2 protein chains.
Amino acid sequence: MPLPYQSSLDRRVAIIKALAHPSRLSIAEMLQDGERCVCDIRDLIGGDLSTISKHLSVMRDAGLLDLEKRGLNVYYRLRCPCLLSFLECVDSLAPEGGEANGP
Amino acid sequence: MPLPYQSSLDRRVAIIKALAHPSRLSIAEMLQDGERCVCDIRDLIGGDLSTISKHLSVMRDAGLLDLEKRGLNVYYRLRCPCLLSFLECVDSLAPEGGEANGP
DNA sequence: AAACTACTTGGCGAAATCGCCAAGTAAAGG
DNA sequence: CCTTTACTTGGCGATTTCGCCAAGTAGTTT
């Protein structure tokens with residue numbers, strides 16, 4: 001059980017930390033298109049299922065995600081529709097496109 | 001010298017990481033009101049000046065901050081005016097006010 | 001130019017995070 | 001009920017981050 005945060009600053013930081021990892025940010029991005037079950041997320045991110053599950057628990061504990069169990073599957077969805085505009089802001093800071101810029 | 005990022009994902013993550021610490025988020029918040037010199041920031045955040053300086057370098061390297069030297073002082077300012085709206089989003093995820101809600 | 005102010009950088013031990021493996025839980029199917 | 005599927009949790013070594021101390025750099029003042 002995650003401890004309650006002592007301050008609103010800590011809560012904000014927990015939410016931001018929950019996005020501050022390549023796999024977790026990718027999860028957030030893919031969930032912008034709608035809910036996904038853990039196995040779908042694993043297919044996209046790769047790596048051990050337990051690793052994915054722990055990333056999801058970090059995001060859950062921060063309050064970023066809601067989950068719903070249906071049958072054998074667990075479906076996650078974003079609680080934060082405004083994420084998209086933040087990512088646009090983030091990208092506006094580093095506009096030179098992507099991969100190690102060749103000519 | 002910070003290495004160039006291999007992907008746009010890494011760049012995004014670096015920017016988000018640069019906000020994912022209580023002192024650094026507080027710095028970002030205070031810079032929303034306008035530029036500040038390092039000593040002003042130190043007065044607000046507290047702790048060793050070298051620690052503040054390293055936090056600022058993380059934010060600089062991520063591209064969050066611009067700096068300008070004037071006289072003996074170094075003034076930092078946000079390169080990201082859209083930060084504010086993201087923090088509103090973050091707070092909307094945890095609306096129950098602040099500090100460790102006692103009964 | 002020597003002393004001072006305002007920072008930055010190097011170094012290091014302490015703490016947090018990461019990802020894999022193994023083991024545990026819960027719903028569905030045979 | 002026993003097995004299978006889908007996921008979660010515990011544990012642990014490896015890497016990363018954190019914050020202080022000490023030392024270095026760059027303008028300023030005297």
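Residue numbering restarts at 1 for every chain, and letters A, B, ... go by the order of the sequence lines. Everything numeric here is computed off the predicted structure, so don't read it as measured data.
- Nucleotide D:dC18 holds its P atom 13 Å from the CG atom of B:Leu56, rounded to whole Å.
- Between D:dC18 and B:His55, no contact under 4.0 Å exists linking OP1 or OP2 to a side-chain N or O.
- Follow the hydrophobic side-chain contacts under 4.5 Å out from B:Leu25 and you never reach B:Val58; the two are in separate clusters.
- At the phosphate of C:dC7, neither OP1 nor OP2 sits under 4.0 Å from any side-chain N or O atom of B:Ser53.
- Atom CZ of residue A:Arg24 and atom OG of residue A:Ser26 lie 11.0 Å apart, to the nearest 0.5 angstrom.
- When distances are taken from the side chain of B:Arg60 to each of C:dG19, D:dC20, C:dT9, the shortest belongs to C:dT9.
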Could you give the side-chain donor-acceptor pairs of residues 31-41 of chain A under 3.5 Å, partners two or more places apart or in another chain?
unit_1: A:Gln32; atom_1: OE1; unit_2: A:Leu84; atom_2: N; d: 3.4
unit_1: A:Glu35; atom_1: OE1; unit_2: A:Arg77; atom_2: NH1; d: 2.8
unit_1: A:Glu35; atom_1: OE2; unit_2: A:Arg70; atom_2: NH1; d: 3.4
unit_1: A:Glu35; atom_1: OE2; unit_2: A:Arg70; atom_2: NH2; d: 2.7

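- Residue B:Lys17 has a polar side-chain atom (N or O) positioned under 4.0 Å from OP1 or OP2 of D:dT17.
- Near-neighbour residues of DNA chain C inside residues 65-74 of chain B, defined by a heavy atom below 4.0 Å, number-ordered: B:Leu72, B:Asn73, B:Val74.
- Between the C1' atom of D:dC7 and the CD1 atom of A:Ile52 lies a distance of 12 Å, rounded to the nearest Å.
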Before giving the answer on side chain to side chain contact (heavy atoms under 4.5 Å, CB included), spell out for B:Arg60 and B:Leu67 the whole-Å C-alpha distance, their side-chain angles and the decisive distance to 0.1 Å. CA-CA 8 Å; B:Arg60 243 193 295 118; B:Leu67 69 84; 3.2 Å; yes

Pairs under 3.5 angstrom only: tabulate donor-acceptor contacts from the side chains of residues 43-53 of chain B to other protein residues two or more places apart or in another chain.
unit_1: B:Asp48; atom_1: OD1; unit_2: B:Ser50; atom_2: N; d: 2.8
unit_1: B:Asp48; atom_1: OD1; unit_2: B:Ser50; atom_2: OG; d: 2.8

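- Using a 4.0 Å heavy-atom criterion, one finds that A:Arg42 contacts no nucleic acid atom at all.
- The stretch residues 26-39 of chain A does not touch DNA chain C, since none of its heavy atoms comes less than 4.0 Å from the strand.
- Evaluation of the ring-ring contact (aromatic ring centres under 6.0 Å, His included) rule for B:Tyr76 yields no partner, not counting sequence neighbours.
- Look at A:His21 and you'll find a side-chain N or O under 4.0 angstrom from OP1 or OP2 of C:dG19.
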Under-3.5 Å N/O pairs linking protein and nucleotides 22-24 of chain D:
none

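- Defining each end axis of the helix from C:dA1-D:dT30 to C:dG30-D:dC1 as the rotation carrying four pairs' C1' atoms onto the next four, with five pairs an end, the two axes are found to diverge by 10° to 10 degrees.
- With rounding to the nearest 0.5 angstrom, the CD1 atom of A:Ile27 is 8.0 Å from the CG atom of A:Leu65.
- The nearest whole Å value for the distance from the CG atom in A:Leu49 to the C1' atom in C:dA26 is 14 Å.
- The two residues A:Ala28 and A:Leu83 make their nearest non-hydrogen contact at CB-CD1, 3.6 Å.
- With rounding to whole Å, A:Met59 atom CE is found 12 Å from C:dC18 atom P.
- Applying the side chain to side chain donor-acceptor pair (under 3.5 Å) rule to B:Asp66 yields no partners; only residues at least two apart in sequence or on another chain are considered.
- B:Lys54 meets the side chain to side chain contact (heavy atoms under 4.5 Å, CB included) test with no other residue; sequence neighbours excluded.
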Hey, can you pull the donor-acceptor pairs under 3.5 Å for the side chains in residues 12-22 of chain A, sequence neighbours left out?
unit_1: A:Arg12; atom_1: NE; unit_2: B:Asp91; atom_2: OD1; d: 2.9
unit_1: A:Arg12; atom_1: NE; unit_2: B:Asp91; atom_2: OD2; d: 3.3
unit_1: A:Arg12; atom_1: NH1; unit_2: B:Glu29; atom_2: OE1; d: 3.3
unit_1: A:Arg12; atom_1: NH1; unit_2: B:Glu29; atom_2: OE2; d: 2.5
unit_1: A:Arg12; atom_1: NH2; unit_2: B:Asp91; atom_2: OD2; d: 2.6
unit_1: A:His21; atom_1: ND1; unit_2: A:Ser23; atom_2: N; d: 3.0

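- Scored by the side chain to side chain donor-acceptor pair (under 3.5 Å) test, A:Tyr75 finds no partners at all (sequence neighbours excluded).
- A:Tyr76 comes within contact range of the sugar-phosphate backbone alone, with a heavy-atom separation under 4.0 Å but no base atom that close.
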